[in-house]
Amino acid sequence: MSTIEASPEVGHDEHGHDHDHPPFLAHHFDTPEQQFDSGKLGIWLFLVTEVLFFSGMFCAYAIFRALRPEVFEGCSQFLNTKLGAINTGVLLFSSLTMAWAVRCSQLEQHKGLVGTLAATLSCAMIFLGVKAIEYSHKFGMGLLPAGLFFYDPSNPHPTEHPPYLAYICAPFAVALVGVLCWLVFSAVAGKKFQFAVAKPLSVVCLCFFVGVGLGMVLESGEESADHVDTHADPNGLATAPVMLEVEKAAAAEAAPAIAASGAQVSVDEGVLEILATDPTNVGVKSGLNALEQQTAAAGTSTVTGDGEILGAITTTEVDVMTPTTAGVFFSIYYCMTGIHAIHILAGIGVLVWLLVRAVRQDFNRQYFGPVDYVGLYWHLVDLIWIYLFPLLYLIR
Amino acid sequence: MSAGSLPSGSQVKDPGYPTPSENYLTNSKGVLSWIFTLDHKRIGVMYLIGVTAAFAIAGLLALLIRLHLFQPDGMIFQGEEANNYYNQVFTLHGAIMVFLFIIPSVPAALGNFLVPVMLGAKDVAFPRLNLCSFYLWVFGALFFVSALCASGLDTGWTFYTPYSTTTDSSVILATSGAFILGFSSIFTGLNFIVTINTMRPPGMTWFRMPLFLWATYATSIIQVLATPVLGITLLLLIAERTMHIGIFDPEYNGDPVTFQHFFWFYSHPAVYIMILPAFGVISDLISVHSHKRIFGYRFIAYSSIAIALLGFLVWGHHMFTAGMSSLTTIIFSALTFTVSVPSAIKVFNWLATMYKGSISLTTPMCYALSFIFLFTIGGLTGLHLGTLATDMHLHDTYFVVAHFHYVMVGGTLVAFLGGVFHWWPKMFGKMYSEAGGRLSALLVFAGFNLTFLPQFILGSRGMPRRYATYDPEFAALHQMSTWGSMLLGFGLLVALIVLLRSLKSGKRAPANPWGGATLEWECTSPPPFYNFERAPAVGDPYDFSDLEWEADNERYVKVEPAREIVPETQPEKEPAHAEDSK
Ligand code: HEM
Ligand SMILES: [Cu+2]
């Protein structure tokens, strides 16, 4: 019997790699292809989790839209379609530059890579600038999540409110000043590499204020056109004339159905009313109240006169602008766009990291994984906006 | 398996022992070399310590609950605030056990150590992300501790609205903690999926992977697909508390049942995050300690994936009494039954594996046997709960408590202990006292049953869960349960002492103490920091035919028949057929 004790060899500093190991290849991978494939699978899985993360909010959106379509119709008018459209365009363009950046990194066009990355970053900043205008405008009007909502139709633009826009802009202003100082310093000190990084970054930071300016111009144009007729309405109803046309047709169709179900309601009402007398049964009570309101509304609209229908519809419109209805719409609006904006900020973070590496010329035709992965992430963030825009701004 | 002598004339292969400069535990020294380590084995060990600490804290809280319930009027918490204290203690017990212990126990602690070694790889695909997961776990744990120190938490581990939006205990701290822990879990899962997909060595096809890897893979799929939904749910809950966004809070026109749907959409799959890796551990343990090829390899592998996917369709069974339509409840009930099929497939396959095997009743095997027994009870009582008519009666009673403790403690915890005892020699290079280990398995088994069997009876007689006091008629059963919990606690303490003592005075472990055929037994115990010098030759993970017990060194070794040069005579200078062609 012979024994081979596979003797433990000493000194494994090179981890037993006998083949050549390029500097960008991590020690636990065998080949650049394996490393690239791992990263690619990893980023795709990460994107799946991102989609699922947002899917929770899309579900919340779907549920509340189904439950209270009228709230969504009434409230989406407060969202400025022009600003949303501009932002959509900006993000689409940034996707183009991002895809281009991936191409540049594969072709080892280092200058092009820096340029396209900077362009992508600038678009991201413009997007945030426009968003800052949208948010601060709504904060000022009190169009806030349910718990904080204080919009008052008779006084839609309270003059006394904190300078929200300044608050939002402050960190970006600090960043801009910082980068500009850095630019000057590196130019004076003759630090080539730092200068090469600071130059595109200062353009990027400036772009935030370009976005703010763009938003201001568009927002003020909107002000005169849209808000005049909305607020001229003596009751302060949020009803644009165009929309009512559509409503009218829909209501005329729905009216008989509502009336029919009204009859059904009255049958159960006896039992429900008894249940509702129990003080612990808050749900039944409020449900019953809602039913009463509904039948009342439907009752008036069964009369086939246009004026009657209008009347019924406007009563529901009045209820729309309360914290518990419009507030929920704005909750969903802020949750979705806010978390999207956080993703944009995260994207800006990784893009800056890429920019620095691009200036350092880290990427080559064998190693462009990080640019590719960030590109995929950026396209996803973009894609989510492509869904948010019609769902929140356009569908009425 | 012949016991004793090796066949004569054969060659024996064994990696021997690592030198201190190779041993992953000693190759670099100092606290910093651990804090910043990227070595998956060290991260696994840090997780092991972390989850054990979390388990100890939550376990002490559990003992407190059981002591309180020793008397119908409550023994520990007295006075005005008694109910409040009770609520806080059971909430923290549940939340810590679920989020800090059970979910990371097998996948993060054992999985981190084993996945790359079983694959013959040098590390997981993303070592930095792996370390980041660990620190996220630590952060999440800190948040939980701060919730405990602030104003406690009294919502139950499920955070149901509207109570969680109105209570003044620290819901935000705790949910932020759970949110962060969720990311830790996602990153671990993502890492394992990528590692298993891209880093298998040449020759290891999907169906040559150890079943532990299949189970880990299935678990990782759930972690990646379910946990983000928990993340957004908790985020919305935090927003609900701070800004009243009106999605879950009925006061602002929200719908609390929506929260339950969101929550269970994660948390039912999460129970499979807890149990699937345990299935993987048991598959390997049963096969190795029966010294027999696993029965129905493909069925076990596929059933893991089936459970992972079906698990996403049954969340509604937690809400049968929450006012869903009767059609919905019937559909969820039917789907719930389908999930138990793949679980049953596994149990039958394990039994068939043991049949006619040569079973060594080692400590890991004792735990594995008790797992099969306890998990079967837990799973079968799940069917009682999945049946609509009985669930109306049993929902929110001690029956549910007993059910999930049978699957989570009797299942996951016991499998985790079995796994730790099985891989302990590999992790730390020390053998523990077999007698002590078996004693602990026996104590845990007895204590566990004494604790939770009475709870099935309590529940079916109508004792509701989450109450600090109860009718005197339930006293005898509650007292049995309390005695049992102390026995269980004692058993766990014995297990801990046995393991810790081995570190000091245990015998040096050979590379393959049990006779396992998976790759981790082919490197030294403990493994060198680089695992394998080059990708090892991959064989069948459940083929034990070439492993022999070498009594002299108390180890299993790989035996190869003696090689000879055939034919022994020298060939002629001129080949025979050359003659013919002339
Ligand atoms: C094998 C098939 C299983 C079935 C059919 C099943 C069925 C059920 C049902 C119907 C309930 C709801 C009872 C109620 O609240 O009225 C339930 C609760 C529970 N199950 Fe299972 N279960 C199974 C396996 C598992 C596993 C493997 C685990 C964990 C490892 C688990 C953990 C839990 C937990 C934690 C609860 C209670 C959650 C709570 O309300 O706090 N179950 N199970
Ligand atoms: Cu469940």
Side-chain angles (χ1 to χ4, degrees), chain A residues 1-12 15-18 26-30 34-35 37-42 45-46 48-57 59-60 63-64 67-68 71 144-149 282-283 286 322-325 327-328 330-332 334-335 338-339, chain B residues 6 8-19 21-22 116 121-127 129 186 189-191 193-195 197-199 224-229 231-233 235-236 239 242-247 249-255 258 262 524 528-530 532-535 562:
Chain A
M1 190 186 87
S2 61
T3 303
I4 308 169
E5 290 268 317
S7 59
E9 289 131 87
V10 204
H12 283 278
H15 311 324
H17 293 302
D18 35 10
H27 79 99
H28 57 289
F29 289 116
D30 291 332
Q34 192 186 28
Q35 175 167 340
D37 289 346
S38 300
K40 195 99 176 190
L41 182 62
L45 284 171
F46 178 70
V48 169
T49 70
E50 288 285 0
V51 169
L52 283 159
F53 191 75
F54 274 92
S55 73
M57 281 179 297
C59 271
I63 291 169
F64 284 92
L67 287 178
R68 309 183 178 279
V71 176
L144 288 166
L148 310 169
F149 192 85
V282 194
S286 59
T322 63
T324 52
T325 48
V328 177
F330 283 102
S331 304
I332 291 176
Y334 284 117
C335 285
I339 291 182
Chain B
L6 299 170
S8 61
S10 55
Q11 287 191 334
V12 166
K13 253 176 79 184
D14 187 83
Y17 300 96
T19 62
S21 65
E22 284 184 316
K122 292 195 169 61
D123 208 324
V124 291
F126 309 117
L129 190 68
I186 290 177
L190 191 151
N191 223 331
I193 293 185
V194 176
T195 308
N197 258 322
T198 59
M199 299 184 65
V224 166
L225 294 185
T227 317
V229 179
I232 190 65
T233 309
L235 213 59
L236 290 178
T242 49
M243 300 186 292
H244 300 290
I245 54 172
I247 291 179
D249 188 352
E251 206 184 316
Y252 291 89
N253 227 339
D255 178 16
T258 305
F262 278 25
T524 56
F529 63 92
Y530 51 83
F532 295 95
E533 200 169 344
R534 46 182 59 79

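What's counted below: heavy atoms across the whole structure, side chains too, no hydrogens, waters or symmetry copies. Remember, it's a predicted structure, so these values are computed and weren't measured experimentally.
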* Structure fact -> Under 4.5 Å to a heavy atom of chain A? For B:Leu129 that would be neither

* Which atom pair, heavy atoms only, marks the closest approach of A:Gly56 to B:Ile232? -> CA-CG2, 3.8 Å

* Find out whether B:Val194 and A:Leu45 are in side-chain contact, i.e. whether some heavy atom of one side chain is under 4.5 Å from a heavy atom of the other. => yes

* To do: Might you point out which heavy atoms bring A:Leu41 and B:Thr198 nearest each other, and give the distance in Å?
  => CD2-CG2, 4.5 Å

* Asked: What is the minimum heavy-atom distance between B:Phe262 and A:Cys59, and which atoms define it?
  -> CZ-CB, 3.8 Å

* Say you draw a straight line from CG of B:Asp255 to CG of A:Leu67; how long is it, rounded to the nearest 0.5 Å? -> 7.5 Å

* Structure fact -> Separation between CE (A:Met57) and CG (B:Leu235), nearest 0.5 Å, reads 7.5 Å

* Side chain, backbone, both or neither: which part of A:Ile339 has an atom under 4.5 Å from a heavy atom of chain B? -> side chain

* Asked: Roughly how far, to the nearest 0.5 Å, is the SG atom of A:Cys335 from the CD1 atom of B:Ile245?
  -> 4.0 Å

* Asked: So do B:Tyr252 and A:Pro145 actually touch side chain to side chain, heavy atoms under 4.5 Å?
  -> no

* Structure fact -> Rounded to the nearest 0.5 Å, the CG atom of A:Asp37 sits from the CE atom of B:Met199 at a distance of 12.0 Å

* Any idea which heavy atoms bring B:Leu225 and A:Leu52 closest together, and the distance? -> O-CD1, 3.2 Å

* Structure fact -> On a heavy-atom basis, the closest approach of A:His28 and B:Phe126 is NE2-N, 4.5 Å

* Measuring heavy-atom distances to chain B, does A:Phe46 have an atom under 4.5 Å in its side chain, in its backbone, in both, or in neither? -> both

* Asked: Is it the backbone or the side chain of A:Ile63 that comes under 4.5 Å from a heavy atom of chain B, or both, or neither?
  -> side chain

* Structural part of B:Thr258 lying under 4.5 Å from a heavy atom of chain A -> side chain

* Using non-hydrogen atoms only, which part of A:Val328 is less than 4.5 Å away from chain B: side chain, backbone, both, or neither? -> both

* Reported CD1-to-CZ distance for the pair B:Ile247 and A:Phe64, which is rounded to 0.5 angstrom -> 6.0 Å

* **Heavy-atom side-chain proximity of B:Met243 to A:Ser331 below 4.5 angstrom** => no

* Residue, of B:Leu190, B:Asp123, B:Val229, that accumulates the most heavy atom pairs under 4.5 Å with chain A -> B:Leu190

